[in-house]
Amino acid sequence: MPEGHSLHRLARQIDDVFGGQTVQVTSPQGRFNADAARIDGQQLEQAFAKGKQLFCRFSNDLYLRVHLGLYGAFSFGGDQHFSGASSIGAPRKIGEREVAGEAEHEVYAGPPDPVGAVRARIVSEHGWADLRGPTACEVLDYSQVQIHLGKLGPDPLASAAQAFEAIKSNVDSGSGAATVEAGYKEFHKNLSRTKAAIGITLMNQNVISGVGNIYRAEALFRNKISPELPANQLSARKVRQLWLDIVSVMEDGVRDGKIITTRPEDREPGLPLWPDNAYYVYQRQGMGCRRCAGKISLAEVAARKLYWCPRCQKRPRAK
DNA sequence: CTAGCATGATCAC
DNA sequence: TGATCCTGCTAGC
């Protein structure tokens, strides 16, 4: 998926293309017809993300909520004023496909005929977006949005999103350090309340929102944490280190449009950074660890594939 | 062509 | 824990 970094990029792009504009919202596929009609013709005031969910506020105080799930993706296009990724969301092979936009059309005749199952289509004067395959795509009022937001744990990208908003609206909102700190406290509190393994808990969106299967595996490796360790047994120091590291790698993900977690000194010379040198453990089962003589392991845990290095990520001995 | 798979999450048992 | 939903890419006939 679409882990959290993709959703934050998506929110930025939707803001870029549609922010403040009157938009037509339709459902070529038909499944979103009734809800689309509730926001069709309104202004899209603002888009934002929390965790893996996207929210767009419209001028009639209704909100679009989208969860891409495993398969969902947006594709974009527009006239010469449009530039940006042509696709954000589920890639169908390793890596995030965020192709550069197509701004070279001389004559813009509006969006193309819908191809495939387009759940939702948003069109403004200069651009369009098609949504396919989402797990959730619905229109909500403010109180319903609050319920969704309230269920989500702290988002490591909240401070980055806040800083971005501040720059955009030319307001000084500080460095975002306070938001990072508040996130850490909440994360720590949430971890301390669960006995489940950290490898499972990191995927729990109520505990921390936006981390998916890749960031889960990579963050545990980078911080030398065994996925089996019960979440409430991590020391405060370790939780803080883990949180700050996740903030850092996910901010890189927003910047790069793909997940790259390796440090330069751990990459294999002669191979391209992407995708060969992007990860420490994800999809590297059976291959040599980048940092020790061991081999990367793979196990199916809670129906998801978990990758880790048993040597670098030893479980502390029970006493 | 089809089956299998994917960065997700929910629901039933 | 397993079945289910949603889409589209790819490997393998």
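Just so it is clear, the values below take in all heavy atoms, side chains as well, and ignore hydrogens, waters and symmetry mates. Per chain, numbering begins at 1; letters A, B, ... match sequence-line order. None of these values were measured; they are calculated from a predicted model.
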With respect to the side chain of R119(A), which nucleotide from dA9(B), dC6(C), dG8(C) is positioned closest? dC6(C)
Output the single nucleotide from dA6(B), dT7(C), dA9(B) whose closest atom is nearest the side chain of K52(A). dA9(B)
Would F164(A) and H8(A) count as a close aromatic pair, with their ring centres under 6.0 Å? no
Rounding to an integer number of angstrom, what distance separates dC6(C) and dC1(B) when you compare their C1' atoms? 22 Å
In whole angstroms, the gap separating C1' of dA6(B) from NZ of K305(A) amounts to 9 Å
Just the rounded figure in Å: distance from P of dC5(B) to CG of L70(A). 13 Å
With a cutoff of under 4.5 Å between side-chain heavy atoms, which Ile, Leu, Val, Met, Phe, Trp and Tyr residues group with I147(A)? none
Rounded to whole Å, OH of Y71(A) lies from P of dA9(B) at a distance of 12 Å
May I have the distance from Y215(A) (atom OH) to dA6(B) (atom P), rounded to whole angstrom? 19 Å
Considering only atom C1', compute the distance from dG8(C) to dT10(B) and round it to an integer number of Å. 22 Å
Round to the nearest Å and state the distance from L152(A) atom CG to dT10(B) atom P. 10 Å
Please work out if Q29(A) contacts a base, only the sugar-phosphate, or nothing of the nucleic acid, heavy-atom cut-off 4.0 Å. sugar-phosphate
Rounded off to whole Å, could you give me the NE2-to-P distance for the H67(A) and dC5(C) pair? 18 Å
Separation of N206(A) atom CG from dT10(B) atom P, in whole Å? 8 Å
Between C1' of dA9(B) and NZ of K151(A), the distance in whole Å: 12 Å
Grab the two heavy atoms, one from V25(A) and one from D40(A), that are nearest each other, plus how far apart they are. N-OD1, 2.8 Å
Single-linkage hydrophobic cluster V139(A)~V23(A), side-chain heavy atoms < 4.5 angstrom: yes
Counting only heavy atoms from other residues, nucleotides and ligands, does the tally under 6.0 Å from CD of E125(A) exceed 12? no
Between dA6(B), dC6(C), dG8(C), which nucleotide has the shortest distance from any of its atoms to the side chain of Y282(A)? dA6(B)
